[in-house]
Protein chains: 2
Amino acid sequence: MDGIDLAQRPNFCQACTIRNRAICADLDDEEVALLNRIGRKRHLQPGEQLLWEGEAAILVANVVSGVLKLSTATADGREQIVGLVYPSDFVGRPFAETTPYGAEALTDTEVCVFQRKDFDRFALEHPRLEHKLLERTLTELDRSRRWMLLLGKMNAQERVASFLVETSGRLQGGRKDIGASGEPSQIELPLSRQQIANVLGLTIETVSRQFTQFRKDGIIEMPSSRTIVVPDRSALLARTG
Amino acid sequence: MDGIDLAQRPNFCQACTIRNRAICADLDDEEVALLNRIGRKRHLQPGEQLLWEGEAAILVANVVSGVLKLSTATADGREQIVGLVYPSDFVGRPFAETTPYGAEALTDTEVCVFQRKDFDRFALEHPRLEHKLLERTLTELDRSRRWMLLLGKMNAQERVASFLVETSGRLQGGRKDIGASGEPSQIELPLSRQQIANVLGLTIETVSRQFTQFRKDGIIEMPSSRTIVVPDRSALLARTG
DNA sequence: AGCTGGAATTGATCTCCATCAAGGCATTGC
DNA sequence: GCAATGCCTTGATGGAGATCAATTCCAGCT
């Protein structure tokens with residue numbers, strides 16, 4: 001962590017696959033070099049924890065590849081997944097002392113981590129970064145509010161259908177051209193049935209039954225339990241509520 | 001809206017009751033004067049709509065006094081309230097073309113409204129404002145995720161208890177000294193039973209029954225249906241989950 | 001006072017999903 | 001091969017809260 005080490009560290013950002021999509025996108029080369037200095041790459045295995053709910057907010061990170069879940073729990077241990085973090089997304093809680101939720105890798109994951117205090121300082125000094133972070137946070141707030149509609153008002157079928165629609169969208173990085181008309185799209189779910197249930201506020205059994213129902217109705221195919229083929233997206237959308 | 005009119009407009013911000021708590025708090029006098037020029041005060045009656053879900057994002061606003069609800073609806077009209085906006089809070093969706101949720105006044109409300117495009121431009125040019133907005137948005141995201149825990153995992157009793165705890169907190173402007181030990185605190189609910197139900201993902205009947213139950217158990221008193229007295233906050237917290 | 005209309009409460013019944021319980025089906029290690 | 005383990009699926013049952021249906025309450029009006 002000393003100056004010499006930092007100075008010698010190669011600039012990972014230049015070759016970063018999410019360089020143009022993450023919050024660093026609007027930074028110029030000089031700024032990126034500075035950011036590169038305070039960050040470091042880290043690999044997470046499935047199940048490995050990056051942040052612990054209620055603990056001091058030490059780290060923030062960009063996700064380079066892989067998927068993380070964000071979760072909170074009640075006092076007696078019931079867990080609710082409150083966010084899924086995909087490549088180019090930001091994770092962690094800047095400008096606060098404690099982390100309001102846990103973050104855990106669902107797949108093999110590469111993140112670009114920063115000491116929260118370093119990041120806070122950098123953000124305050126670089127408005128373009130802060131602006132990107134604001135846009136991202138506003139989008140995430142919109143997403144979590146749509147999620148609240150799902151949790152508050154939708155039945156099991158609508159929840160599972162919505163989950164599949166949303167997940168296929170996120171996994172394709174927001175591209176809308178796929179599966180819009182007729183071509184089937186294939187999803188590789190990064191979540192187990194239990195985790196899907198924790199996302200949707202349901203039980204594992206109910207989620208499983210809905211998948212089976214969709215399969216029987218010809219709305220999806222399941223080559224394996226984590227691989228979902230959607231032959232006709234509109235049929236799925238019709239069950240979204 | 002012409003220049004002369006704007007120049008003559010008195011600087012409302014100087015006397016603003018939320019001047020030090022809203023996102024304008026860190027602006028200097030000159031910046032506030034500029035912001036004052038592009039904003040205007042507006043009064044909303046209970047039930048009056050400020051933003052329409054899915055419409056163009058024309059306005060953003062600060063709430064000076066009163067309470068607003070934010071809501072989204074499914075295609076077939078089921079409504080979910082996804083946010084409550086109290087004095088000094090910000091409402092609206094900067095940096096986007098459409099408003100993702102509706103906003104409607106629950107009480108007599110004073111807001112300080114801006115054309116979204118004016119506000120966006122001002123924010124980009126004034127990092128201190130954008131920083132405040134970011135902090136607020138991050139806090140709101142935390143809040144909405146806790147809300148997701150409520151909607152996804154809590155039973156009716158826990159939801160209503162959590163709602164009362166949260167509401168008393170927000171109405172007191174975040175002060176923690178009240179009701180902490182023994183003194184009873186009194187809440188004047190800005191929401192009808194139906195609206196509380198829409199916040200909590202329950203029906204009006206279930207909410208009503210929970211209130212009755214709490215009253216019978218001596219955890220709350222109800223001088224009127226919208227006035228709640230909490231003699232012992234810890235007894236309520238114990239039912240929070 | 002008496003009337004009126006919207007909101008809240010209370011009761012009776014039903015339904016969807018949670019819960020409980022078993023069995024299927026892969027993968028891993030011996 | 002075949003136990004063992006973990007995940008998923010399927011079936012049977014029960015219960016929390018939704019739904020349907022009356023009252024009751026209360027503020028505003030005449």
Side-chain angles (χ1 to χ4, degrees), chain A residues 45-47 69 74 76-80 106-107 150-164 187-217 220-228 239 241, chain B residues 45-47 69 74 76-81 106-108 150-164 187-217 220-228 239 241:
Chain A
Q45 310 220 310
K69 67 168 194 186
T74 57
D76 61 337
R78 286 166 285 170
E79 181 196 23
Q80 173 68 39
L106 296 175
T107 65
L150 180 147
L151 292 171
K153 285 282 155 5
M154 291 188 185
N155 63 28
Q157 182 181 78
E158 294 165 338
R159 292 184 198 204
V160 174
S162 298
F163 171 79
L164 289 175
I187 313 169
E188 196 60 36
L189 294 176
L191 295 83
S192 69
R193 292 286 184 275
Q194 181 58 64
Q195 288 161 344
I196 295 172
N198 283 348
V199 166
L200 299 179
L202 298 170
T203 59
I204 182 174
E205 294 94 334
T206 300
V207 171
S208 182
R209 278 186 251 266
Q210 290 302 326
F211 273 111
T212 303
Q213 191 59 49
F214 285 160
R215 194 165 44 69
K216 283 181 180 165
D217 295 354
I220 62 170
E221 289 153 36
M222 277 202 290
S224 82
S225 76
R226 288 205 181 204
T227 311
I228 310 291
R239 309 221 171 180
Chain B
Q45 309 221 309
K69 66 167 194 187
T74 57
D76 61 337
R78 286 166 287 169
E79 181 195 21
Q80 174 68 40
I81 295 181
L106 296 176
T107 64
D108 270 284
L150 179 148
L151 292 172
K153 284 281 157 358
M154 291 187 185
N155 64 27
Q157 184 180 80
E158 293 165 338
R159 292 183 196 204
V160 174
S162 298
F163 171 78
L164 289 174
I187 314 169
E188 196 61 35
L189 295 175
L191 295 85
S192 69
R193 291 286 184 276
Q194 180 59 64
Q195 288 161 345
I196 295 172
N198 283 346
V199 166
L200 299 178
L202 299 171
T203 58
I204 183 173
E205 294 93 333
T206 300
V207 171
S208 183
R209 280 187 249 269
Q210 288 302 327
F211 272 111
T212 303
Q213 192 58 49
F214 284 160
R215 195 165 43 71
K216 282 180 181 166
D217 295 353
I220 61 170
E221 290 154 35
M222 278 202 289
S224 82
S225 77
R226 289 206 180 205
T227 311
I228 310 291
R239 309 220 170 181

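Here is how names work: the chains are called A, B, and so on, in the same order as the sequence lines, proteins then strands, and each is numbered from 1.
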In B/S/- notation (B base, S sugar-phosphate only, - none; protein heavy atoms under 4.0 Å), nucleotides 15-21 of chain D written 5' to 3' is --SSBB-
For [X] against [Y], the heavy-atom pair lying closest together:
{"X": "A:G201", "Y": "A:L151", "answer": "N-CD2, 3.9 Å"}
{"X": "B:E79", "Y": "A:K153", "answer": "O-NZ, 2.8 Å"}
{"X": "B:M222", "Y": "B:R215", "answer": "CE-NE, 3.5 Å"}
{"X": "B:L164", "Y": "B:I187", "answer": "O-CD1, 3.8 Å"}
{"X": "B:R239", "Y": "B:F214", "answer": "CD-CE2, 3.6 Å"}
{"X": "B:K69", "Y": "B:I81", "answer": "CD-CD1, 3.8 Å"}

Let me know the distance between [atom1] of [X] and [atom2] of [N], rounded to the nearest Å.
{"X": "A:I220", "N": "D:dC8", "atom1": "CD1", "atom2": "C1'", "value": "14 Å"}
{"X": "B:R226", "N": "C:dT9", "atom1": "CZ", "atom2": "C1'", "value": "16 Å"}
{"X": "A:F211", "N": "C:dC17", "atom1": "CZ", "atom2": "P", "value": "15 Å"}
{"X": "A:L200", "N": "C:dC16", "atom1": "CG", "atom2": "C1'", "value": "16 Å"}
{"X": "A:L189", "N": "D:dC8", "atom1": "CG", "atom2": "P", "value": "10 Å"}
{"X": "A:R193", "N": "D:dT10", "atom1": "CZ", "atom2": "P", "value": "10 Å"}
{"X": "A:K216", "N": "D:dT10", "atom1": "NZ", "atom2": "P", "value": "6 Å"}
{"X": "B:Q213", "N": "C:dA8", "atom1": "CD", "atom2": "C1'", "value": "17 Å"}

When you measure from the side chain of A:S208 to the backbone of A:I204, do you find a donor-acceptor pair of N or O atoms at a distance under 3.5 Å? no
Output the single nucleotide from C:dT10, C:dA8, D:dT9 whose closest atom is nearest the side chain of B:R215. C:dT10
Considering only side-chain heavy atoms of A:I204, which listed nucleotide, D:dC8, D:dT10, C:dT9, is closest? D:dC8
Residues two or more places apart in sequence or in another chain: which of them pass side chain to side chain donor-acceptor pair (under 3.5 Å) with B:E188? B:T227
Using five base pairs at each end to define the local axes, how bent is the helix from C:dA1-D:dT30 to C:dC30-D:dG1, to the nearest 10°? 30°
Is there side-chain contact between A:V207 and A:Q210, with heavy atoms separated by less than 4.5 Å? no
Any A:S225 side-chain N or O less than 4.0 Å from OP1/OP2 of D:dC7: no
